[in-house]
Amino acid sequence: AGKMSWQHGFHFRHIAVDPGVMTKRHRRKEEEVILMHEGELRVAFPDGDIVLRAGDTLTVPIDMPRAYANDGDAVAEAYVVRGGDHPRRAELVD
């Protein structure tokens, strides 16, 4: 499939997180909406964690530090929508 050739205001991608994997803590300069498809994904925020399960949706504000972890025994799959046509790379947070 080809890329959209017109300005559409968002970026859409599929992610798969293997069991036992945790990302580094990071933040983004775009809004992020996570739509869980399969498995469970723990989202670690500074004030506490949220566990997403199939069918859950989470909106993460701009600059909110977070890390994603799959504490389960199956692959966690989600779809992620970010604002803008060309999202920037994540910024790592200490």
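The analysis underlying the following values was restricted to heavy atoms, covering all of them including side chains, and did not include hydrogens, waters or symmetry mates.
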Exercise. Kindly compute the distance separating OH (Tyr68) from CG (Leu52), expressed to the nearest 0.5 Å.
Key: 8.5 Å
Quiz item: Same hydrophobic cluster for Leu41 and Leu58, using side-chain heavy-atom links shorter than 4.5 Å among ILVMFWY?
Solution: yes
Quiz item: What's the shortest heavy-atom distance between Asn70 and Glu40, and which atoms?
Solution: OD1-O, 3.7 Å
Self-check item: Residue pair Val80, Val33: steps toward the side-chain contact (heavy atoms from CB on, under 4.5 Å) verdict
Solution: CA-CA 6 Å; Val80 180; Val33 179; over 6 Å; no
Quiz item: Hey, does Arg42 have a side-chain heavy atom less than 4.5 Å from the side chain of Met22?
Solution: yes
Quiz prompt | Connected via hydrophobic side-chain network under 4.5 Å: Phe12 and Val60 | solution = no
Quiz prompt | For Ala78 against Ile34, the heavy-atom pair lying closest together | solution = CB-CG2, 4.0 Å
Quiz item: For atom CG of Asp73, is the number of surrounding heavy atoms from other residues, nucleotides or ligands below 6.0 Å larger than 12?
Solution: no
Quiz item: Out of curiosity, Met64 CE to Phe45 CZ, how far, rounded to the nearest 0.5 Å?
Solution: 6.0 Å
Exercise. Can you measure from CZ (Arg27) to CG (Leu92) and round to the nearest 0.5 angstrom?
Key: 10.0 Å
Quiz item: Would Val51 and Arg53 count as a side-chain contact (heavy atoms from CB on, under 4.5 Å) if you check the C-alpha gap in whole Å, the side-chain angles of each, and the deciding distance to 0.1 Å?
Solution: CA-CA 7 Å; Val51 176; Arg53 295 178 178 85; 3.9 Å; yes
Exercise. List the atom of His37, the atom of Ala54, and the distance in Å for their closest heavy-atom pair.
Key: O-CB, 3.3 Å
Quiz item: For residues Glu77 and His14, is any side-chain donor paired with an opposing acceptor at under 3.5 Å?
Solution: yes
Exercise. State, to 0.1 Å, how close Pro46 and Pro65 come at their nearest heavy-atom pair, and which atoms those are.
Key: CD-O, 3.3 Å
Practice problem: Scan Arg88, Lys29, Arg28 and name whichever one has a salt bridge (Lys or Arg N to Asp or Glu O under 4.0 Å) with Asp63. | Solution: Lys29
Quiz item: Can you tell me how far the NE2 atom of His11 sits from the CD atom of Glu32, to the nearest 0.5 Å?
Solution: 10.0 Å
Quiz item: Can you get from Met36 to Val75 by hopping between Ile, Leu, Val, Met, Phe, Trp and Tyr side chains that sit under 4.5 Å apart?
Solution: no
Quiz item: What pair of heavy atoms forms the shortest contact from Val43 to Arg66, and how long is it?
Solution: CG1-CB, 4.2 Å
